[in-house]
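See structure below.
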Amino acid sequence: MPSITKACDQPGGLLGRWAGDKTWQPFDPTCTLDPWPVPKLGAFLRVVLFGDSVEGLMAKDLRADNRTVCTGSAAVHICGDSAAASEACCAVQVSPVFFYGAWESGPYYANNTTPAIEVWRHVSHLHQSPDIFVISANFWDVARWEEHHPSVLELTESGRQLFQQQLALWKAHFITLLHRLQKELPNTTLIYHTTAFPALVNCTSSKHMHRGLGHREHVQQLNAAGAQIAQAAGWLVVDFVQMSAQFSEATQYLRDAHHPSPWFLRQAFQIYLNLHDQRLQASKIPSAIGMKQY
């Protein structure tokens with residue numbers, strides 16, 4: 001399949017639908033998805049997934065897939081942060097990094113205390129100038145409210161008022177976080193993804209099955225606010241909600257109560273690679289491999 005030959009619709013990250021074989025097909029027939037654009041993106045691609053357990057599972061799924069593509073005599077594949085993760089062994093280094101939400105101060109979920117920007121600065125020496133940086137951590141933020149301020153998530157008039165007040169504060173913190181990351185990653189393809197809706201307790205309830213994740217409207221509003229802020233700040237947006245919209249049941253796209261299935265996350269990762277390719281083509285910036293010193 002050919003790679004992208006024109007600028008594709010943004011925001012939304014290659015809007016499309018799932019084909020019968022669970023591959024993602026953009027709606028625009030002239031905007032095609034390259035299933036593996038890595039060989040033309042450089043000999044070694046660094047991808048940081050900055051978020052929650054969704055990012056951890058994406059990295060795990062990709063490594064388990066152990067995709068190998070032979071180009072001439074060279075084999076390229078995905079690997080992680082082990083000693084073997086070097087230019088000699090892999091084409092893509094995928095590194096999940098947990099941070100505990102957008103707020104500039106804690107307490108965070110499970111009484112973690114380190115702000116996101118400090119988490120990144122602490123580990124950034126391990127992930128010098130990533131080519132692609134993906135952020136999303138709505139689960140951490142909802143879980144923080146559930147643990148420390150449960151009244152914010154009550155579906156009462158006062159609870160909804162509290163949530164709107166907290167959402168306004170969250171937006172201010174998230175704006176600050178994205179701007180700080182942009183300053184530290186000036187040559188990186190920056191991507192925000194929304195959170196796929198978790199499974200509900202039952203078909204008549206908006207409460208999520210997984211304890212600590214509030215109700216559908218909480219994730220929905222964080223998604224809307226996060227996407228709007230990311231787009232305004234110049235980040236690319238990949239909409240997991242739109243990607244799951246054609247399924248009538250959460251079990252059709254989730255592996256459990258709140259994590260997307262492996263095939264879903266693998267295709268999302270391919271979208272990240274294609275958006276990076278598109279950005280390089282559109283901006284005429286040489287691949288980051290040519291700007292780095294290893």
Side-chain angles (χ1 to χ4, degrees), residues 49-57 98-117 119 134-178 192-232 237-245 247-260 264:
L49 307 175
F50 197 57
D52 50 37
S53 53
V54 172
E55 278 59 53
L57 285 173
F98 282 175
F99 75 101
Y100 304 105
W103 300 85
E104 292 185 69
S105 61
Y108 302 99
Y109 176 68
N111 290 315
N112 289 289
T113 59
T114 307
I117 194 64
V119 171
V134 183
I135 188 171
S136 184
N138 287 349
F139 285 157
W140 288 123
D141 284 309
V142 176
R144 175 186 189 269
W145 282 316
E146 184 77 44
E147 184 173 65
H148 298 288
H149 308 285
S151 58
V152 171
L153 301 181
E154 292 178 359
L155 296 187
T156 61
E157 182 177 352
S158 60
R160 286 190 167 96
Q161 290 175 350
L162 284 172
F163 183 75
Q164 290 305 314
Q165 294 169 9
Q166 286 288 302
L167 183 62
L169 291 172
W170 179 89
K171 290 167 69 174
H173 286 278
F174 193 54
I175 289 170
T176 299
L177 174 60
L178 293 193
Y192 165 82
H193 78 77
T194 59
T195 297
F197 288 143
L200 300 175
V201 171
N202 56 57
C203 61
T204 63
S205 173
S206 68
K207 185 172 180 58
H208 290 135
M209 184 181 299
H210 189 276
R211 185 181 66 83
L213 294 183
H215 293 255
R216 175 63 49 87
E217 66 182 65
H218 301 126
V219 173
Q220 183 178 27
Q221 290 184 66
L222 280 177
N223 277 339
Q228 181 184 43
I229 289 167
Q231 181 191 353
V237 176
V238 175
D239 191 351
F240 279 22
V241 175
Q242 192 274 330
M243 290 178 68
S244 60
F247 301 109
S248 59
E249 300 290 339
T251 54
Q252 293 177 279
Y253 63 87
L254 296 178
R255 71 182 76 199
D256 51 30
H258 59 300
H259 295 111
F264 186 109

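Computed over heavy atoms, backbone and side chain alike; hydrogens, waters and symmetry mates excluded. Predicted model only: the values in this text are computed from it and were never measured.
- Listed by chain and residue number, His179, Ile229 satisfy the side-chain contact (heavy atoms from CB on, under 4.5 Å) test with Ile175 (two or more places apart in sequence, or in another chain).
- By the 4.5 Å heavy-atom criterion applied to side chains, Leu57 and Arg255 are counted as neighbours.
- The shortest heavy-atom contact between Ser206 and Leu155 is OG-CD1, 3.4 Å.
- Not counting sequence neighbours, Ser136 has no partner by the side chain to side chain donor-acceptor pair (under 3.5 Å) test.
- Listed by chain and number, the residues in a salt bridge (Lys or Arg N to Asp or Glu O under 4.0 Å) with Glu147 amount to none (sequence neighbours excluded).
- A distance-only check finds a donor-acceptor pair linking the side chain of Asn223 to the backbone of Thr195 [under 3.5 Å].
- Between the OG1 atom in Thr194 and the CD atom in Gln220 there is a gap of 11.0 Å [rounded to 0.5 Å].
- Taking Glu154 as the reference, nothing meets the salt bridge (Lys or Arg N to Asp or Glu O under 4.0 Å) condition, with sequence neighbours excluded.
- A donor-acceptor contact shorter than 3.5 Å is absent between the side chain of His149 and the backbone of Arg144.
- When all heavy atoms are compared, the tightest approach of Ala230 to Val237 is CB-CG2, 4.2 Å.
- If you take OG1 on Thr156 and CD on Gln161, they are separated by 8.5 Å, rounding to the nearest 0.5 Å.
- Contacts of His173 classified as ring pair (Phe, Tyr, Trp, His ring centres under 6.0 Å), with partners at least two apart in sequence or in another chain: Trp103.
- Taking every heavy atom of both residues into account, Leu167 and Leu222 meet most closely at CD1-CD2, 3.8 Å.
- Scored by the side-chain contact (heavy atoms from CB on, under 4.5 Å) test, Ala137 finds Asp52, Phe99, Trp140 as partners (sequence neighbours excluded).
- The salt bridge (Lys or Arg N to Asp or Glu O under 4.0 Å) contacts involving residues 157-169 comprise Arg160-Glu217, where partners must be two or more places apart or lie in separate chains.
- Sequence neighbours left out, not one pair with a member in residues 164-175 passes salt bridge (Lys or Arg N to Asp or Glu O under 4.0 Å).
- Residues forming a side-chain contact (heavy atoms from CB on, under 4.5 Å) with Ala199 (at least two apart in sequence, or on another chain): Met209, Ala250, Leu254.
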**Request:** Could you walk me through whether His148 and Asn111 pass the side chain to side chain contact (heavy atoms under 4.5 Å, CB included) test, one step at a time?
**Result:** CA-CA 9 Å; His148 298 288; Asn111 290 315; 3.3 Å; yes

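- Side-chain contact between Phe98 and Val119: absent, with no pair of heavy atoms (C-beta onward) separated by less than 4.5 Å.
- Shortest non-hydrogen contact noted between Gln252 and Ser248 is OE1-N, 3.0 Å.
- No more than 12 heavy-atom neighbours from other residues, nucleotides or ligands sit within 6.0 angstrom of OH on Tyr109.
- Side chains of Trp170 and Asn138 form a contact here, defined as non-hydrogen atoms less than 4.5 Å apart.
- Here Tyr192 pairs with Phe174 under the ring pair (Phe, Tyr, Trp, His ring centres under 6.0 Å) rule; sequence neighbours left out.
- For Leu153, the side-chain contact (heavy atoms from CB on, under 4.5 Å) test picks out Val142, Trp145, Glu146, Phe163, His218, with sequence neighbours left out.
- Between the CG atom of Asp141 and the OH atom of Tyr100 there is a distance of 13.0 Å, given to the nearest 0.5 Å.
- When the salt bridge (Lys or Arg N to Asp or Glu O under 4.0 Å) test is applied to Arg216, no partner is found at least two apart in sequence or on another chain.
- Two residues are said to be in side-chain contact when any heavy atoms from C-beta on lie closer than 4.5 Å; Glu55 and Ile135 fail this criterion.
- Contact annotation: the side chain of Ser244 approaches that of Phe264 to within less than 4.5 Å [non-hydrogen atoms, C-beta and beyond].
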